[in-house]
Amino acid sequence: MDPLAAAQALRAATLDKLPRAVTDAAATPRTVATALAVVFATLFVRKIYRALVPPRFLRKYPYARPWTVVRTMLQGHGYLDQHAILHEAMLQDAVDRGIIASKDEMPAVSLRWFIGRWQVLFANPQDIRQMLLKHESFDKTVWDAGYLRKFLGYNIAMVQIPEWKRQRKVINPAFHRGWNPLMFATPARQLIKHMDATAAVPGASLDISGWMQRMALDALSLAIFGTNMDSLNHPDAPMVATYNAIVTEVLDASKVINPTYKFNKHGQRARELIDTFDRYIFEFIEAKTRKIEEERRTGKVDEDRDSRDLLTMMIEAAEGNVFSREDLRANTIIFFMGGHDTTANALSFALYRLGMNPAMQDRARQEVISVMGDIEPNTPFDQVPFPTPEQQRKLVYLGCCIKEVLRLHPSSANLPEHQTTTAVTLHDGTVLPKDTRVTGDIWALHRNRAVWGPDVTEFRPERFLDAVNSDGPVPFNAPAHDFGWAPFGAGQRICLGHTFSLMEQHVVLAMMLLRYTWTVVGDDRALAGNPRTMPGGILHVVGLQLALTRRDL
Ligand code: HEM
């Protein structure tokens, strides 16, 4: 039986019994007990009912049934596959109830059942703009599951406004600076060493997302600690292995929703892994603190601000502010979590899309050559050229490709959950009361025909050329696109690492375009334009194989 119908039937039966039990004049202990039982049953049923049925004022919006959500979680679908199944169920509901005429339309607002509560999802620019810019009316939800808090702590991305302001004061200076492109080119050259080995074997191909994960991790470790974790060459090194294991044990929703998680072997392993990783982080914090003291004593301070690591900059900025070692730990970890898979997936999808579209790949390459000059014959892997920040700004078409990849494959399919702090009015006049949970469905926004036109599902970087003015770089922010494009969020809580990630993508893709031509030889789903993703709470695309040919030989 549909759980919704079951809850409604139980509720009706319980309500039916209540008056007879409590109005019985000759109340015996038995009738009192019955009355109490009925009251508790009523409260229980009400709770279940509220958990399974959207509040009345939201029922006009379409949604996938809670059971469909639970089923997709239990079935262990990939991150994007689960999103697509729920999206399809929501569209079907919208068609069945006459909210939209066909599934080609995108409901501007929908609902999502999320572990016992209802979220309002926006797929239209007006409501997303309001949610991201009206900070007095929307704040982030503070939530927890499994050992998420133990691992991530109260980091800048997961706290509410007053606490966020305290942290951002210290963290902002570390991010508002230039980045030395060598932070990205150094691991990219190591990646090229491995790619060259594949390219040298006739018929061989390379699993692109696995390699991009490693490269992005190394770039982050250089940026955060000033030390290369070198997962490209040592994937089993203790710190790398611990980090990777944490991602599968702590962030996998299918494990975490198990009520026995904190007592079973997964939970125990998660605790041990987190403690081990924390020890690494605290060692770095101590070492950096000692180095700063040493620099001050000797007067030998590294003046190259663009090369300074994030941890050192945070420790320096923390002086004179309330910012504990635990704050440093929690934020160091969120930089890894926020910057790793997101950028690795953006790069994997970019190589995939350009591999599927040789003419676009060639156009991007010609642009890189016109800006940087071509690669010399037989260039050693550790001397492959990379674009300077000045050159990156001239890579306009490549920028459009990056943007189009983030449109069709946003690394965060949904923005983090927010909740209303006052009553707010949506674009359609609906008033959401205080404490309603809302979020931006970026995946749906980016596939909304009303925003992007009939070719919404096509990969067409040219659509962004219109937004480029004659001498300016491609604007990578939501306001420049009237909030129809918002993979990094916007407003005061915009992704802190977005310029970092965009630079990484420009540097790595330009180097790939100079060194190789490539085609996709992945699995059937990839070749059909719909690659698979791994189960769990993080987007991780799988089954993308590239066949590479070196251009400089
Ligand atoms: C393609 C790459 C990336 C994407 C798509 C992405 C996306 C996002 C999104 C959607 C948010 C939430 C914005 C909001 O709350 O409204 C966010 C926040 C954040 N991101 Fe990223 N991100 C990327 C890369 C990075 C990198 C490389 C780093 C760090 C090195 C990073 C660090 C953060 C942090 C610290 C926040 C919290 C900001 C705050 O609440 O003040 N991200 N990101």
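All ligand and atom numbering here is 1-based and tracks the order in the structure.
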For Leu415, atoms of ligand 1 separated by under 4.0 Å from a heavy atom: 10 (C)
Counting from 1 in the order shown, the ligand 1 atoms closer than 4.0 Å to a non-hydrogen atom of Ala157 are 37 (C), 40 (O)
Polar contacts were defined as any N/O atom of the residue lying under 3.5 Å from an N/O atom of the ligand; does this apply to Gln505 and ligand 1? no
Is Phe336 in contact with ligand 1, taking contact as a heavy-atom separation below 4.0 Å? no
Give the residue and atom name of whichever protein heavy atom lies nearest to atom 17 (C) of ligand 1, and the separation in Å to one decimal. Cys495 CB, 3.5 Å
Geometric N/O contact Gln492 with ligand 1, under 3.5 angstrom: no
If you measure every N or O of Arg168 against every N or O of ligand 1, does any of those distances drop under 3.5 Å? yes
Ligand-side contact atoms (ligand 1) for residue partner Gly338, heavy atom cut-off under 4.0 Å: 22 (N), 23 (C), 24 (C), 25 (C), 26 (C), 31 (C), 42 (N)
Where ligand 1 meets Leu132 - atom numbers and elements under 4.0 angstrom, heavy-atom basis: 16 (O)
Taking the six-membered ring of Trp485, is the NZ or CZ of Lys403 close enough (under 6.0 Å from the centre) and on axis enough (within 45°)? yes
Protein contact to atom 13 (C) of ligand 1 [nearest heavy atom, distance to 0.1 Å]: Arg493 O, 3.4 Å
Answer yes or no for Lys288 and Phe225: cation-pi contact, defined as NZ/CZ to six-membered ring centre under 6.0 Å and angle to ring axis within 45°. no
Of the protein's non-hydrogen atoms, which lies at the shortest distance from atom 10 (C) of ligand 1, and what is that distance? Pro487 O, 3.3 Å
Return the closest protein heavy atom for atom 36 (C) of ligand 1 as residue, atom name and distance. Leu496 N, 4.0 Å
Decide whether the shortest distance between a heavy atom of Leu220 and an atom of ligand 1 is less than 4.0 Å. yes
Any atoms of ligand 1 less than 4.0 Å from a non-hydrogen atom of Lys140? List them with their elements. 15 (O), 40 (O)
